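For reference, the structure discussed in these notes is given below.
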Protein chains: 2
Amino acid sequence: MIKLEKRTEIIHAALELIAEQGFHAAPMAMIASRAGVGAGTIYRYFANKDVLITELYREIEAKILPCLLEGYIEKQPIRERFLHLSMALLRYFIIHPLYFRYLEQFFNSPYGVALRREKLLGRTEKRDAYRELFVEGVAGQVIKDLPLPVLFALSFGPLLAVTRDHVLGFIVLDDALMARTIEACWEGLKK
Amino acid sequence: MIKLEKRTEIIHAALELIAEQGFHAAPMAMIASRAGVGAGTIYRYFANKDVLITELYREIEAKILPCLLEGYIEKQPIRERFLHLSMALLRYFIIHPLYFRYLEQFFNSPYGVALRREKLLGRTEKRDAYRELFVEGVAGQVIKDLPLPVLFALSFGPLLAVTRDHVLGFIVLDDALMARTIEACWEGLKK
DNA sequence: AGTTTCGGAATGAACGTTCATTCCTATACC
DNA sequence: GGTATAGGAATGAACGTTCATTCCGAAACT
């Protein structure tokens, strides 16, 4: 339907503007014009700006999760599963830099602070995969016996930082460098 | 002088509001009222909001650097120097959570993006201490031969992440946990 | 010493701008 | 022709900034 066409255009325009320049550079009027749509039209598809922004977040999240778990083998050793998940995560963000930058903007904004709180307490597919990994690894004496948030920090901290550096053009993350970086993370994690 | 009194009040009000709630929650009128000052008075001390925010950033940065280098011994082995710097950094942020949160807001805002670019290319005292450490460590075969941004990511990524988790109340970073976290970072770094 | 004058500091109401949202008209579809 | 959809000008709230005015302590004068 044309309805979905427009909705997609609006979402995509918002994604581009926010990812490239941040929320301050994405007023509704500009989103509308980049989407080739009238300002009022946006409100036929989204109740307000908050809804648009949150919906966009959810769409991105929903696309990432399956990619991470593709080829993921529960039976493999902890180390291999960690390498797999992390490699998939980095590759995904490298292929979709707009998504990465949008997520960064989102989590570092008022929109995302509540969600971050949920993340650490509640659960998400992605975090869950990692969480299970960590819990199992700690129990099996494979991973350091540190609080879960610290294990997350040791993994996601470096991974997101190198992704940012790549997206901003400070380094070039090829498969080899990604693998070496992830391996270094693992060495921090392992017992 | 009374002049400095007011300036200090204004800076402190801005620090509190921005650190606690983000830039969106710190209009000039609110900064003024929290500082116990008229709205126009701010402009006697700062040309505009950008200047106020940047000045506040510089003041914080200037306070941190000396603390990191206190008791820092150039002659010590790389590992010990890394542990020292990192311990000092974490301790500082734990003691001054407002500074930490302000810096986070600052770097994740339009104000800070330009600066971050400078940081990675140019130089700062703090980053320089780490940078020298890394360069020396790579040359001496003590640290993995990875690009500098990756080494920074492996260090600051986890350190800032655990600090954030502590400040947000998800974990309690005591000296023992700090030391274990930093040790884990080092294991990722070392050859 | 008491009174007046003076000047910089402080003030907050007012202004212009920006933005999200609404509303009414024009258009497309059946 | 009647209904649903799109558009973009209109609206009002919020914000950073300005400026005419007030305030206050110190100098100057008697």
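Order of the sequence lines fixes the chain letters, A, B, ..., with proteins taken first and strands second; residue numbering starts at 1 for each chain. Since the model is a prediction, treat every value here as computed from it, not as a measurement.
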For B:Gln21, does the CD atom sit with more than 12 other heavy atoms under 6.0 Å from it, leaving out its own atoms? no
From the candidates C:dT21, D:dA6, C:dA10, the one with an atom nearest any side-chain atom of A:Thr41 is D:dA6
Candidate nucleotides C:dC19, C:dT11, C:dT21, ranked by approach to the side chain of B:Val37 - the nearest: C:dT11
Taken to the nearest whole Å, CD1/A:Ile10 to P/D:dA6 is 9 Å
Charged N to carboxylate O under 4.0 angstrom, B:Arg81 versus B:Glu132? no
Grab the CE-P distance between A:Met30 and C:dA20 for me, whole Å please. 10 Å
Would you mind reading off the distance between A:Glu9 atom CD and D:dT5 atom P, rounded to a whole angstrom? 19 Å
Just so I know, are the side chains of A:Arg131 and A:Phe152 near enough to count as touching, which here means a heavy-atom distance under 4.5 Å? yes
Winner on side-chain proximity to A:Tyr43, out of C:dT22, D:dT17, D:dG7, is C:dT22
Please state how far atom CZ in B:Arg7 lies from atom P in C:dA10, giving the value in whole angstrom units. 13 Å
Atom-pair distance (CD1 on B:Ile42; P on D:dT17), nearest Å: 10 Å
Quick one: CD on B:Glu20 to CG on B:Leu15, what's the gap to the nearest 0.5 Å? 8.5 Å
When you get a sec, tell me which of C:dA20, D:dA6, C:dG12 is the closest nucleotide to the side chain of A:Lys6? D:dA6
Is any side-chain nitrogen or oxygen of A:Tyr45 closer than 4.0 Å to OP1 or OP2 of D:dA6? yes
Taking the six-membered ring where the residue is Trp, are the ring centres of B:Tyr99 and B:Phe106 under 6.0 Å apart? no
Atom pair distance, as rounded to whole Å: CG in B:Asn48 and P in C:dT17: 17 Å
For the side chain of B:Arg44, starting at C-beta, report the closest nucleotide among C:dA10, C:dC19, D:dT17. C:dA10
Distance, rounded to the nearest Å, where B:Lys49 contributes NZ and C:dT17 contributes C1': 15 Å
Report the distance from atom NE2 of A:His24 to atom P of C:dT18, rounded to the nearest whole Å. 14 Å
